[in-house]
Amino acid sequence: MNFPKGLSFLRDTTVIVALSMAVIYIIVGLFAGPTYIEGELSGGTNFIVFLIMQAATFSGGVFIILAGVRVILAEIVPAFKGVSERLVKNSKPALDVPIIFTFAPNAVLIGFLVSFAGGIVGMLGMVALGTTIVIPGVVAHFMTGAAAGVIGNAAGGRRGAVIASFVNGLAITILPLLLLPVLGDIGLSNATFSDADYGVFGLILGGLSEAGGQIAIIVGIVVSVVALYVITFATRGRMAKKAADAEKESVA
């Protein structure tokens with residue numbers, strides 16, 4: 001996205017997140033009402049000032065996350081390289097998803113807002129159907145929605161960022177609803193978890209548990225691990241073959 005010179009400050013992730021969250025908080029605050037906010041939440045502070053401070057606090061938390069990402073990339077990854085050379089050859093560090101946020105700050109914002117909109121759409125659908133209602137969580141939609149926006153942007157531009165993050169918003173709203181019966185069976189009734197991967201694998205493991213108990217779960221996990229290794233070796237072989245073919249073509 002190309003910003004006019006007068007709006008160049010919006011390229012700063014901290015500023016744009018603070019402004020966006022201020023708008024969201026104020027809208028929610030107007031529905032909640034100033035009387036409730038000042039009486040129950042802000043300790044008497046003007047509700048607009050309180051909501052703006054909350055938005056600034058959220059943006060400060062995002063800044064801390066991104067600063068931590070820079071520390072990880074600058075310090076931990078080189079340290080891991082020394083460990084990998086001595087213990088596990090050709091291994092790669094597994095890092096948390098915020099490491100990709102710095103590559104596309106605008107896609108981070110788009111992903112968060114569109115994912116949150118997807119969560120609201122999913123919640124309204126639950127209200128219409130009369131089911132248990134999963135309320136969208138701001139942190140969950142920021143972390144996973146922003147990641148979906150960055151990856152979608154890299155794969156399909158603005159349209160990819162919007163579609164990927166909206167689908168993510170629906171997924172992390174609907175999957176916890178489907179997972180509720182499984183969690184109830186293991187003593188976590190009315191608990192929801194916001195990551196889509198947790199929902200998918202939770203449903204799979206819950207289905208295995210209902211089909212054959214612990215034995216079915218163990219067999220399912222073993223099969224999954226074996227499948228992971230098979231896919232990994234097959235992918236490596238394919239990549240090695242492509243590299244060899246490319247080298248032959250360059251020599252020819």
Looking at CZ of F116 and CD1 of I172, how far apart are the two atoms once the value is rounded to the nearest 0.5 Å? 10.0 Å
Nearest heavy-atom pair of L170 and G122: which atoms, and what distance? CD2-N, 4.0 Å
Checking S20 side chain against V17 main chain: does a donor-acceptor pair fall under 3.5 Å? no
Taking all heavy atoms of L178 and all of L203, pick out the closest pair and write down the distance. O-CD2, 3.6 Å
What heavy-atom pair brings A196 and A171 nearest, and what distance separates the two atoms? CB-CB, 4.3 Å
What residues form a side-chain contact (heavy atoms from CB on, under 4.5 Å) with T131, not counting sequence neighbours? M126, L129, L177
Would you give the length of the straight line joining atom CD1 of I133 to atom OG1 of T173, rounded to the nearest 0.5 angstrom? 12.0 Å
For F101, the ring pair (Phe, Tyr, Trp, His ring centres under 6.0 Å) test, sequence neighbours excluded, returns F142
Under 4.5 Å between side-chain heavy atoms, hopping through other hydrophobics if needed: is there a path connecting V23 to L51? no
Sequence neighbours excluded and cut-off under 3.5 Å, please list the side-chain donor-acceptor pairs for residues 221-233, or say none.
| from | atom 1 | to | atom 2 | distance (Å) |
| --- | --- | --- | --- | --- |
| S224 | OG | G220 | O | 2.8 |
| T232 | OG1 | L228 | O | 2.7 |

If Ile, Leu, Val, Met, Phe, Trp and Tyr residues are connected whenever their side-chain heavy atoms lie under 4.5 Å apart, and connections chain through other members, are V139 and I120 in the same group? yes
L175 side chain near Y198 side chain, heavy-atom distance below 4.5 Å: no
Set of residues satisfying side-chain contact (heavy atoms from CB on, under 4.5 Å) with respect to A107, sequence neighbours excluded: A104, V150, N153
Single-linkage hydrophobic cluster F112~V97, side-chain heavy atoms < 4.5 angstrom: yes
State yes or no: do I99 and F103 share one hydrophobic cluster built from I, L, V, M, F, W and Y residues joined by side-chain heavy-atom distances below 4.5 Å, directly or via other members? yes
Give every residue pair that meets the side-chain hydrogen bond (donor to acceptor under 3.5 Å, both in side chains) criterion with at least one member in residues 111-120, sequence neighbours excluded. S115-H141, S115-N168
Can you find a pair of side-chain heavy atoms, one from L113 and one from I24, that are under 4.5 Å apart? yes
Rounded to the nearest 0.5 Å, what's the gap from CG on L205 to CG on L179? Could you check? 9.5 Å
Quick one: name the residues clustered hydrophobically with F63, using the 4.5 Å side-chain heavy-atom rule over I, L, V, M, F, W, Y, and just say none if it's on its own. none
For A18, which residues count as a side-chain contact (heavy atoms from CB on, under 4.5 Å) partner, sequence neighbours excluded? S59
Of all residues at least two apart in sequence or in a different chain, which pass the side-chain contact (heavy atoms from CB on, under 4.5 Å) check with A55? M21, A22, Y25
Give every donor-acceptor pair under 3.5 Å between a side-chain atom in residues 26-43 and any protein atom, sequence neighbours left out.
| from | atom 1 | to | atom 2 | distance (Å) |
| --- | --- | --- | --- | --- |
| E38 | OE2 | F47 | N | 3.2 |
| S42 | OG | I37 | O | 3.3 |
| S42 | OG | T45 | N | 3.4 |
| S42 | OG | T45 | O | 2.8 |

Taking all non-hydrogen atoms of both residues into account, name the closest pair between G152 and A164 and its distance. CA-CB, 4.1 Å
Other members of the hydrophobic cluster containing V167, with the 4.5 Å side-chain heavy-atom rule, please. I163
